[in-house]
Structure formats: structure tokens, C-alpha cells
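Remarks on the structure that follows.
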Number of protein chains: 2
Amino acid sequence: MSVSRPMGRVTLADVAKAAGVATMTVSRYLHGNPNISAATARKVKAAIDRLGYRPNYAARVLMGQPSKVIGLILPNLANPFFSLIAHCVQQAAHARGYLVWIAATNDDPSSDLELIERMHDHHVDGLLLASSPGSTIPLEKMGGIPTVAIDRPLRGAGVDFVTVDDRTAAREAVSHLLQHGYKRIAITGIDAQIRPIQERILGYQDAMHAAGLPALPYIRCDDAASAIQICKTLRSGKRPIEALFPLNGDTSVLFLEAFEELRISIPRDLAFFSYGDIPLSRAIRPRLSAVQQPIEAMAEQATLRLLEQIEQKTKPSRVRIKIPASLVIRESCGCKRKGEIKTIPSM
Amino acid sequence: MSVSRPMGRVTLADVAKAAGVATMTVSRYLHGNPNISAATARKVKAAIDRLGYRPNYAARVLMGQPSKVIGLILPNLANPFFSLIAHCVQQAAHARGYLVWIAATNDDPSSDLELIERMHDHHVDGLLLASSPGSTIPLEKMGGIPTVAIDRPLRGAGVDFVTVDDRTAAREAVSHLLQHGYKRIAITGIDAQIRPIQERILGYQDAMHAAGLPALPYIRCDDAASAIQICKTLRSGKRPIEALFPLNGDTSVLFLEAFEELRISIPRDLAFFSYGDIPLSRAIRPRLSAVQQPIEAMAEQATLRLLEQIEQKTKPSRVRIKIPASLVIRESCGCKRKGEIKTIPSM
DNA sequence: CTGAAAGCGCTTACAG
DNA sequence: CTGAAAGCGCTTACAG
């Protein structure tokens with residue numbers, strides 16, 4: 001039975017008095033210190049349970065104790081890619097007794113630093129973050145707190161970085177399209193300043209060059225209107241595009257809607273490969289071929305590495321870990337398969 | 001220029017010494033206390049900037065000052081409905097100087113209480129939460145912290161509750177299907193213990209009864225296999241179903257995949273209405289008619305009410321605020337429209 | 001095995 | 001307008 005105490009919470013001193021011991025002894029009990037007699041431990045436990053004592057983290061943290069909280073800073077929680085990361089990080093951390101505090105920058109580079117500092121102000125034990133494009137965080141701003149960058153590197157901070165092997169995945173997807181005989185393959189997507197997008201562009205170029213074909217310029221596309229415009233442009237002229245490869249999920253959705261609007265038939269009029277598997281990819285006709293991103297694995301690895309740094313107090317190795325993606329081959333690329341998964345070997 | 005200080009952070013005392021004043025004076029400056037001379041303020045500001053001082057929230061909070069943080073507890077961050085709530089709450093709170101700490105229960109009722117307590121341990125100024133089905137939080141556990149329930153009520157805790165007007169929205173959707181002449185309309189979805197699902201079931205029953213038709217029993221559906229099974233059952237027999245109305249977005253996706261698998265043609269074989277608009281609803285054939293949930297408005301209202309309680313120190317009114325949804329009429333219900341929006345008046 | 005004292009970085013009365 | 005003292009709830013040495 002917990003005693004409600006509207007005036008304020010139960011403190012260590014209350015517990016100590018109730019148990020007839022010093023506060024030190026209660027503190028020792030709480031931290032599992034073995035130098036405590038069984039009888040005393042029993043009395044303390046009884047007092048804690050009876051009073052419903054809960055430690056005051058503000059006081060603990062003020063004494064330099066760990067907060068058992070990690071911070072997670074993401075560009076945008078409304079994006080399924082990042083919300084899945086949030087979900088997986090949360091799961092992995094919770095299983096190890098950590099709370100996760102999530103904040104979003106909404107792709108505003110100045111938010112990065114502000115949120116990092118506010119997380120520090122609140123004494124997180126470690127930080128996981130996918131930075132905004134263009135943000136550079138000076139090493140000293142990290143304040144020596146264990147940090148791991150996820151999906152996007154943290155320029156300037158010299159920390160571990162866990163990412164999908166985007167370059168290889170994009171190269172393999174384009175190679176697959178090339179095997180169908182398509183020669184004019186266009187790429188499109190969001191802000192090319194974003195590191196994973198840069199990597200995917202490189203992968204596209206790798207595949208095109210390996211086939212002795214010219215790489216087409218990357219086309220920026222952020223909204224429905226430009227998707228429609230891009231479709232019209234790419235399919236007109238004397239050398240229309242044969243295949244389209246949007247480099248991120250949101251852009252894929254935009255183009256799928258444009259195809260419907262313009263009555264472009266996939267893969268007859270245009271072959272299509274999506275980067276990132278979309279919820280409805282199996283409900284749509286034709287079923288979408290896509291790069292399947294190992295989001296769960298990436299989030300877990302990043303979390304584990306961070307907790308390791310926190311608890312073993314290991315130094316960041318400044319290493320870059322690339323997790324291999326795979327390809328799901330369905331029908332939009334021109335195949336007649338139902339969902340064959342192609343594993344991509346790690347580079 | 002901030003000075004890096006690997007040993008520890010810059011403290012108020014450091015600033016006071018550098019400015020040649022007492023710590024009190026610095027504290028006054030920080031809190032915008034007017035009883036401070038312009039000259040002193042200038043000296044203090046200079047010292048703060050030069051040393052790169054940042055307040056230690058653990059110490060502030062220990063003295064009973066606000067943390068400027070609100071906690072957000074959600075069932076599942078991988079679900080687009082909740083991740084959009086997280087995004088909007090984050091936006092609204094950040095605009096008012098609050099940080100948001102997000103945690104997920106993963107639909108485990110025992111997690112609710114644990115997370116609430118951990119949030120309290122870390123001195124959040126207020127709490128926003130969508131509870132797990134079946135969890136009851138005793139009022140005293142809330143510890144007098146301002147709290148607002150979002151989407152799902154918090155049983156036992158007597159707090160404000162902001163939700164979508166699910167009952168009316170479901171009723172209107174079913175009425176629309178009835179106007180098409182369908183008489184056998186089935187409903188399906190996740191755990192019926194969840195309050196919004198209960199409300200939607202009631203809305204369905206309202207519409208059926210108003211039309212003098214029997215309401216069909218709710219069918220639980222959690223995975224792809226059962227979606228397929230349900231399709232087969234509902235469409236066989238001598239009185240096959242004419243329209244299907246899944247009561248949540250995830251279930252809609254499951255059924256769309258099942259239709260594709262079983263080659264069920266919408267709306268010819270079966271009319272379909274989705275609860276919750278899905279990203280690809282405009283890319284899919286036929287375009288989906290759906291209840292459009294006012295997620296942004298709900299999240300903003302809930303956040304604003306919470307911040308009001310925190311800052312004006314108003315009492316929770318234990319009021320239930322229902323935000324009206326709207327209907328997007330496209331083609332899956334049997335219409336030939338492109339995306340007409342039907343506003344539903346508030347009840 | 002147990003405890004009395006000091007202190008973490010701030011703010012709250014209280015003086016002047 | 002400014003400051004010296006006490007204390008928030010814990011933990012860290014240090015004694016015994």
C-alpha cells in the first residue's frame with residue numbers, strides 16, 4: 001500500500017526514519033550494496049514498500065549518477081522510416097532498463113544543436129541521432145557524452161556511425177533494372193545533401209558506369225505537382241526514360257500517385273523500383289519491387305553500441321558500420337515474381 | 001566563445017565569480033528578475049556568454065522549478081496514427097519552449113503505470129497519454145501532475161480527454177454505404193477493448209439500426225492470414241457480405257492485401273470503406289474512400305490544454321473533447337468521385 | 001556492517 | 001538593487 005502524500009514525495013530520509021536506520025543504509029540497499037545485514041535489508045525493504053518510495057532522479061543526477069535515459073534525436077517523426085527507428089530504439093533500450101527521450105528537429109539544422117544541448121541539460125546518459133543535412137556539431141559541444149550517429153553521420157563530432165549500406169543496395173537495384181534491358185534509368189528524390197541520398201546516387205552511378213552507360217542527373221522531387229511534371233518531362237522527347245528509381249519512400253508514393261493520375265502503366269510504360277518497402281506494396285497492382293532497408297537491425301545495433309559505450313565506458317571507435325539491405329523482387333520492375341528476396345552481400 | 005571544460009560543466013558559481021557578483025544575482029538575471037541594474041546585467045550576460053554557461057536542470061528541478069518537459073506515452077510508435085500524434089505534439093510543445101519525452105508501451109498495460117512513474121521520477125511538468133486497453137491508473141498515482149488523455153481515456157485518473165468523434169464518423173461512413181443500397185455491411189478490426197474501436201462499433205450499430213437493419217457482429221482481425229480467412233467466410237454462404245468496413249488503418253491494409261491475393265474486385269465484388277486515410281489511398285485502384293481522422297487537431301488541442309493546465313495552474317475539467325472527423329469519398333465505396341470531402345458536424 | 005558530515009548546483013526566504 | 005545563509009534529496013568519502 002502506498003501512502004499518498006500530497007505535500008511532496010516520500011524521501012530517503014522518510015524511509016530511513018521509518019526503518020530506524022541512517023539514510024546511507026537505505027541508499028546502500030537501493031544500490032544493491034552487499035555490506036548490509038539481512039535483517040536491516042528486510043526492514044528497509046518493508047519501509048520502502050509501505051511508503052511507496054521512489055528515488056528522486058534530480059537528486060541522483062545532481063550527484064553524478066546515471067539518469068538511465070538516452071536521448072534520440074530524429075529529423076521527423078511523421079516519416080515511417082524514422083518512426084520505425086524510434087520504435088526499435090525504444091524497444092531495445094527499454095529491455096535494458098533505459099528510458100528513451102525522443103525529440104524531432106523537423107529538418108531544421110539549427111534544431112540539432114539546440115536539442116543536443118537541451119538533452120545534455122537534462123543529463124541523458126547517451127545520445128543517438130540522425131542529424132539534419134548541413135548541420136555540423138563541434139566535438140566540444142558533445143560534452144563528452146557517449147553518442148552514436150544513426151542513418152546520417154554527425155559531421156565534426158567524431159562518433160560511431162551506424163547506417164544502411166545504401167550505396168551497395170542502390171547499385172544492386174539498378175543492376176537488376178539493367179538486367180531487364182532498360183538503359184535509360186532515371187533517379188529522383190529529396191534533398192541530395194542528405195548523406196544516404198548521396199550514397200544511393202553513388203550506387204546508381206556505380207551500376208550505370210559498370211554497364212558502360214551514362215548516368216542521368218539526379219532530379220529533385222518534393223511534392224505531388226513536381227512528380228507529375230517530372231513524369232511528363234521524362235516520358236516525352238525522343239528518348240523517353242525506361243525505368244524510374246526514386247531514392248526514398250516518400251518520393252515513391254508521390255510517383256505512384258502521379259502514375260495513377262497520368263494513367264501511366266507500370267511496368268509496361270515505365271519500370272519502377274522503390275527505395276524502401278511501402279506498407280501497401282503488396283496490395284498495389286503491380287506489386288512493387290523495392291530495396292528493403294534493415295531498419296530494425298540498424299536501430300538495434302546503434303542502441304546496443306551506445307549502451308555499451310555508456311556502461312563499459314568504452315571510447316567511441318569512430319567506426320562506420322554498414323548494414324546490408326536486401327532487394328524484394330516483385331513485379332513493378334518487369335519481373336513476374338511474387339516477392340522473392342535477394343540478399344545483398346555486405347561490402 | 002564557449003570554453004571547453006572537460007572536468008565538469010560551468011556552474012552558476014563560476015559565472016558569479018567571473019562577473020564579480022553573488023550567485024543570487026546571476027540567478028535573478030537568468031529568470032528575468034527586473035530588480036537588477038543595467039550595468040550588472042551586462043556584466044552577468046558577458047560572463048555567461050564567455051563561459052558558455054548552461055543551467056543544470058537537475059539542480060533547478062530539485063528546488064521545485066519546472067523542467068520545461070512534458071512526457072508523451074503512446075501505445076506504439078511504429079503505427080502511423082501514433083507517430084503522427086507524436087510529431088504534432090512535438091511541434092506544438094516545441095513552439096512553446098517545451099521538450100517532449102516520448103515513450104511507448106507497446107500495448108502492454110503494465111507498461112503504462114511503469115512509464116508514468118518513471119516520467120514522474122524525472123519530473124516532467126505534465127503528461128499526455130494514450131493508455132493501453134485495460135489499464136486503470138489510480139488517481140493518486142498521477143501524483144497531482146497535470147495530465148491529458150489523448151485518443152484513449154485514462155480510466156480511474158479523472159483527467160481531461162481529447163479524442164476524435166469516432167462514433168459519429170463511423171455512423172456517417174456506414175450511412176454512406178447504406179445509401180449505396182448495401183444492406184449486409186460487415187465490420188472488422190483489432191482489439192475491441194480499445195475505446196475508439198468501441199465507439200466506432202457503436203457508430204456502426206447506430207447507422208444500421210437507424211436503417212432498420214440488423215448489425216452484424218464485430219470480427220476481430222490481427223494478421224494477413226485471418227484477413228484472408230475472413231474474406232472467404234464473409235463472401236461465401238447464401239448471403240454474402242456486400243460491403244466491408246475495417247475500423248482501423250492497419251486492418252484496412254491487411255484486407256487490401258487479401259483482396260489482391262484473392263482477386264476480389266473492389267467495389268464490384270465488395271464495397272470498401274477505410275477508417276483512417278492511408279498514404280497510398282490515391283495511388284491504389286480503386287481510390288479508397290475513408291474516414292479522415294483529425295489527428296493534427298487532436299494532438300494540438302491536447303497539447304494546448306496540457307500546457308494551459310501547467311502554466312495557468314488550472315484544474316483538469318475532466319471534460320471530454322470530441323473533434324469531428326470527415327469523410328473522403330473516392331471510389332472504393334462505389335462512388336465515381338475523385339476525393340470529395342464531406343464534413344461531419346460535431347455532435 | 002553502519003552512520004554523521006559535507007556537498008552536488010541551484011533557488012528560496014530573509015536581510016540590508 | 002544586492003548578497004550570505006540554508007536547504008532541495010540524494011551520494012561520496014571518511015570513520016568506527
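- In this structure, the side chains of B:Ser111 and B:Asn106 stay at 4.5 Å or more apart for every pair of heavy atoms.
- Nucleotide C:dG16 is matched to D:dC1 when pairs are restricted to Watson-Crick or G-U wobble geometry with both distances under 3.5 angstrom.
- Distance CG (A:Asn33) to P (C:dG3): 13 Å, rounded to an integer number of Å.
- Using a 4.0 Å heavy-atom distance criterion, A:Tyr29 is classed as making no nucleic acid contact.
- For the pair B:Thr23 and C:dT11, the criterion of a side-chain N or O lying under 4.0 Å from OP1 or OP2 is not met.
- Sequence order on DNA chain D of the closest nucleotides to A:Leu30 and B:Gly20 puts B:Gly20 first from the 5' end.
- Side-chain contact between A:Ile70 and A:Ile310 is present, with heavy atoms from C-beta onward closer than 4.5 Å.
- Annotation: of the two residues near DNA chain C, A:Ala38 and A:Met24, the 5′-most nearest-nucleotide partner is A:Ala38.
- Using a 4.5 Å heavy-atom threshold, the side chains of A:Leu128 and A:Val100 count as separate.
- Contacts between residues 56-69 of chain A and DNA chain C, defined by a heavy-atom separation under 4.0 Å, are made by A:Leu62, A:Met63.
- Atom CZ in B:Arg28 sits about 11 Å away from atom P in C:dT12, given to the nearest Å.
- In this entry the distance linking CZ of B:Arg54 with P of C:dG9 reads 17 Å, nearest Å.
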Begin with the C-alpha distance, continue with both residues' side-chain angles, and end with the deciding distance and a verdict on side-chain contact (heavy atoms from CB on, under 4.5 Å) for B:Thr11 and B:Asn56. CA-CA 8 Å; B:Thr11 70; B:Asn56 185 327; over 6 Å; no

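- Going from atom NZ of B:Lys17 over to atom P of D:dT2 covers 20 Å, rounded to whole Å.
- In the set D:dT11, C:dT11, C:dC1, the nucleotide with an atom closest to the side chain of A:His31 is D:dT11.
- Between the P atom of C:dG3 and the CG atom of A:Asn35 lies a distance of 13 Å, rounded to the nearest Å.
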Report the C-alpha separation of A:Leu30 and A:Leu12 in whole Å, then their side-chain angles, then the decisive distance to 0.1 Å, and conclude whether the side-chain contact (heavy atoms from CB on, under 4.5 Å) test is met. CA-CA 10 Å; A:Leu30 255 16; A:Leu12 243 204; 4.0 Å; yes

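- One finds a side-chain N or O of B:Ser27 lying less than 4.0 angstrom from the OP1 or OP2 phosphate oxygen of C:dT11.
- In this model, the phosphate group of D:dT2 is approached by a side-chain N or O of B:Ser37 to a distance below 4.0 Å at OP1 or OP2.
- Considering only residues two or more places apart in sequence or on other chains, B:Ile36 meets the side-chain contact (heavy atoms from CB on, under 4.5 Å) condition with B:Thr25, B:Tyr29, B:Thr40.
- As judged by a 4.0 angstrom heavy-atom cut-off over every strand, B:Ile36 is placed among residues touching the sugar-phosphate backbone only.
- Test A:His123, A:His122, A:His120 against B:Tyr57 for ring-ring contact (aromatic ring centres under 6.0 Å, His included) and you get one pass: A:His122.
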